[in-house]
Protein chains: 4
Amino acid sequence: MISLLFHHQSYKDPQNKLLDAALHLYTGKGFRETSVLEVVERARVSKTTFYHFFNSKEDLLVQLFQSLLEEVLQEVRRTAELETHIAHKSFAGIRRYLEICNDHRPVARLLLVSSAGLSSAVEEVRHKAHVEFAIFIYESVRVEIEQEGLVSDDQIHTAAQAMVGAINEVVIHKIIVENKKNIDELAHLLNHIAIGAFTMLAENQMSFKGGMRL
Amino acid sequence: MISLLFHHQSYKDPQNKLLDAALHLYTGKGFRETSVLEVVERARVSKTTFYHFFNSKEDLLVQLFQSLLEEVLQEVRRTAELETHIAHKSFAGIRRYLEICNDHRPVARLLLVSSAGLSSAVEEVRHKAHVEFAIFIYESVRVEIEQEGLVSDDQIHTAAQAMVGAINEVVIHKIIVENKKNIDELAHLLNHIAIGAFTMLAENQMSFKGGMRL
Amino acid sequence: MISLLFHHQSYKDPQNKLLDAALHLYTGKGFRETSVLEVVERARVSKTTFYHFFNSKEDLLVQLFQSLLEEVLQEVRRTAELETHIAHKSFAGIRRYLEICNDHRPVARLLLVSSAGLSSAVEEVRHKAHVEFAIFIYESVRVEIEQEGLVSDDQIHTAAQAMVGAINEVVIHKIIVENKKNIDELAHLLNHIAIGAFTMLAENQMSFKGGMRL
Amino acid sequence: MISLLFHHQSYKDPQNKLLDAALHLYTGKGFRETSVLEVVERARVSKTTFYHFFNSKEDLLVQLFQSLLEEVLQEVRRTAELETHIAHKSFAGIRRYLEICNDHRPVARLLLVSSAGLSSAVEEVRHKAHVEFAIFIYESVRVEIEQEGLVSDDQIHTAAQAMVGAINEVVIHKIIVENKKNIDELAHLLNHIAIGAFTMLAENQMSFKGGMRL
DNA sequence: TATGAATGAGACTTCATTCAT
DNA sequence: CATGAATGAAGTCTCATTCAT
């Protein structure tokens, strides 16, 4: 997989030329506002080639999402692994994620806000990426807090998903819409929230029975 | 404002007939897959009338979203107000929100996953609703935890936004996709997460200075 | 019948207000380019009133044509009657006709070129007017040339019709399109042509038998 | 230019398929009563193709007129050229014209009565055809009568135009409306009228000075 | 009668997609 | 593979006409 986010040569193979052209046009003027003709003209390939590699206009978007999300996740995981202090892994990952979103704000906007509702295939790709992100969060935070194993795995997974939603929502509001620059502070805050959430979960893990409340 | 979610008579005025028809078709076969022709045929009004009330196909979606989101928020706030025990208000609101999403799963799907990316106007409506939801969370949780006033308002707002994202992400994965039925448990979990997040925030409010980490 | 061409007060009765408004708008921007709304707004009456007096937008045009063509024919006949010299009657009529077309060029354009093809009713009105004009020509010229009665009435009628076409064609090309001003010269020419045609007809009335030629 | 009037295969290229379909529909139920949808359905092409070849519904009519009028004029000129007797050329042309109008009465109706008033472009095409027809008349008749060159060219042109109007008017009344069959007699009559008109013109060419009358 | 909402038809346009050369 | 013609679906808009108040 050739990087769409971090490499900036021009691609040789038509498929990547198309993905690159699509990335620029979709982030520039939006997916719906971009016609297939514009994509193939920018990529300097023919419509025949386009339909050889992609089943439809939306398929291009799906593959583009797949590439981008994979890249982002890989980069986040790589960064966390580089962090030697075990208590800082989740922070490092979250921070890197915010950084990428901040550095490629149009791409983040495309992935997070201007994307859904286009096809179930796109939703599925996003869904899978969220699941993987949640797994990363789950695994990073788990090693940071003392877990007595009393919290069910299912609850922890749900909490991890919730944190993914929390992070993305903050990215949308703070980074994309409000254009906040202090990534470190946001990452710190989100990491705190995550740790707080998991900690609270561990402490109160037995307080819920059936319809009872805390 | 006439309720689109909870009333089920047939409307008299063409605007509501169109909104109702759109709700059914968009939740049934999707926004993009529904043509204006189908909407006006189901609503039994003319295309001219459609374009009299709505500037475009997307404008109909925007107004539909506005109505639905207002309704949901109002219902959530109303339910929280009915809860007399002050420590249970946030739980009551979250629980009601999950309940509505569960009872109207196609609508929830429309609002949460199959909607964005259609126009900036839709995004804006969703954004505003999220902000209002965050305010509700913020106000509900604030009265439940002992706040020494040491946490900045901005941080609490961000945390509230994060919680909105957390809740919606869980709704998408657990209620919409996985079709989980135990609303109470999910609400309990999410409420815990929220309280945990806010508590951790209060405890560590001073631990972050510049680029430092927890 | 109130004159639309030569009177210039504002009308009291809605029907004439509508006809007058239509005349101005149709000659100004064309029949097809004028909407019913514009007509009723200019006439300061309601759509209800419009459809009380006229069955349709085209019906208004038909009645307008009827009025205008009647007026023009009446004026042409009146002028010919005022001419005492019997040999000048046809010239006087033709001259007056050209004069009216020249003085009201937009109206002439409407009647002669921008009108047909709209409905069979319009065509019929025009057809009748042409027939009446032909009768005038026929009667005027008949008294001017010595007729031995050898020419069939049918032939003379046809020749008269031909002269109507000849006159109108010249009006279109010379007065409307080329904007020629020397009405007298044109009238003289056309009158000559008419007399020449009828004379030739009389001289050669027996030369045609079956498929033979002159 | 492929003949629309005299050929009767089905066309290959969409443009001619559309022109042919339009010819049938416009002559059958009228231009205004025919929708673009009907035209493309009859021609078995798509609306996109329609708007690729024609700018508008009216543009199709304009191009159709152009083709038809060119065809008719060409046929008339060709017939006159085949006539060896120089004194019969104008008769031959006029006769052929009447014959075509008689053989294709719906087309003649379309061209002569149900056409104008639709757009200035249509009027222009008709105007040009009339001018060309007038030139044909002028040239044909000029060689038949002894011209001393005393009549101004402008007058002869005007007379020729008048004859075009005369012929068309007779076609409308006698052939199209009254459905007369004796083409030969009508042609003979019209030719006589034309010759009479031109002769009279030549005889009296100096009798008009300024505002004087014959 | 006036007003204005509503209708229904149809013109025009853009595009994703297909197909022949 | 490239080119470009053609398709068909659907969005948008304008109007003549009708109807209720």
Side-chain angles (χ1 to χ4, degrees), chain A residues 13-15 17 31-41 43-61 119, chain B residues 12-15 17-18 31-41 43-61, chain C residues 13-14 17 31-41 43-61 119, chain D residues 12-15 17-18 31-41 43-60:
Chain A
D13 61 313
Q15 186 161 16
K17 283 203 282 189
F31 170 75
R32 280 161 54 82
E33 289 68 31
T34 303
S35 73
V36 171
L37 201 63
E38 287 172 302
V39 175
V40 300
E41 275 172 358
R44 300 189 176 284
V45 302
S46 75
K47 270 182 293 177
T48 315
T49 307
F50 177 94
Y51 283 100
H52 175 69
F53 288 107
F54 305 99
N55 296 319
S56 67
K57 188 192 175 190
E58 297 215 350
D59 188 31
L60 171 57
L61 188 70
S119 77
Chain B
K12 287 284 176 49
D13 59 313
Q15 188 160 16
K17 284 202 284 189
L18 284 163
F31 169 75
R32 280 161 55 82
E33 289 68 31
T34 302
S35 74
V36 171
L37 199 64
E38 287 171 303
V39 175
V40 302
E41 275 172 358
R44 298 187 178 283
V45 303
S46 72
K47 255 196 293 186
T48 317
T49 304
F50 177 94
Y51 281 100
H52 175 68
F53 288 108
F54 306 100
N55 295 320
S56 67
K57 190 192 173 189
E58 297 214 352
D59 189 31
L60 171 57
L61 188 70
Chain C
D13 61 313
K17 282 203 282 190
F31 170 75
R32 280 160 55 82
E33 289 68 33
T34 302
S35 73
V36 171
L37 202 62
E38 288 172 303
V39 174
V40 301
E41 274 171 359
R44 299 188 177 282
V45 302
S46 74
K47 270 180 294 178
T48 315
T49 307
F50 178 94
Y51 282 101
H52 175 70
F53 288 108
F54 305 99
N55 296 319
S56 68
K57 188 191 174 189
E58 297 214 353
D59 188 31
L60 170 58
L61 188 71
S119 77
Chain D
K12 286 284 176 50
D13 60 312
Q15 188 160 16
K17 284 203 282 188
L18 284 164
F31 169 75
R32 279 161 54 82
E33 288 69 31
T34 303
S35 73
V36 171
L37 198 64
E38 288 172 302
V39 175
V40 301
E41 276 171 357
R44 298 188 178 283
V45 302
S46 72
K47 252 197 293 186
T48 317
T49 304
F50 177 94
Y51 283 101
H52 175 69
F53 287 108
F54 306 99
N55 295 320
S56 67
K57 190 190 172 190
E58 297 214 353
D59 188 32
L60 171 58

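Chain A is the first sequence line, chain B the second, and so forth, proteins listed ahead of strands; every chain is numbered from 1.
- Applying the Watson-Crick and G-U wobble criteria (two distances, each under 3.5 Å), F:dA20 pairs with E:dT3.
- Across all strands shown, A:P14 has no heavy atoms under 4.0 Å from either base or sugar-phosphate atoms.
- Between C:F54 atom CZ and F:dA16 atom C1' the separation is 15 Å, expressed in whole Å.
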Summarise protein proximity over nucleotides 16-21 of chain E in one line of letters, 5' to 3': B for base, S for sugar-phosphate only, - for none, counting protein heavy atoms closer than 4.0 Å.
-> SBB---
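- Atom NE2 of B:H52 is separated from atom P of F:dG11 by 20 Å (rounded to the nearest Å).
- Contact check, D:S46 against F:dA6: no side-chain N or O comes under 4.0 Å of OP1 or OP2.
- If you take CG of A:D13 and P of F:dC1, they are 10 Å apart, rounded to a whole angstrom.
- Distance CG/A:D59 to CZ/A:F54: 7.0 Å, rounded to 0.5 Å.
- Pairing for F:dT12 is with E:dA11, a Watson-Crick or G-U wobble pair whose two hydrogen-bonding atom distances lie under 3.5 Å.
- One can place CG of B:L60 at 16 Å from P of F:dA10, the figure rounded to the nearest angstrom.
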Side chain to side chain contact (heavy atoms under 4.5 Å, CB included) assessment of A:L37 paired with A:E41 = CA-CA 6 Å; A:L37 201 63; A:E41 275 172 358; 3.9 Å; yes
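- Residue contacts for D:R44: at a heavy-atom cut-off of 4.0 Å it reaches the sugar-phosphate backbone alone, with no base atom in range.
- Under a cutoff of 6.0 Å and an axis angle of 45°, A:K57 and A:Y51 do not form a cation-pi pair.
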Go through C:V45 and C:F53 one step at a time and tell me if the side chain to side chain contact (heavy atoms under 4.5 Å, CB included) criterion holds.
-> CA-CA 11 Å; C:V45 302; C:F53 288 108; over 6 Å; no
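- Per the geometry, CD belonging to D:E33 stands 15 Å off P belonging to F:dA16, to the nearest Å.
- With rounding to whole Å, C:E41 atom CD is found 12 Å from E:dG4 atom C1'.
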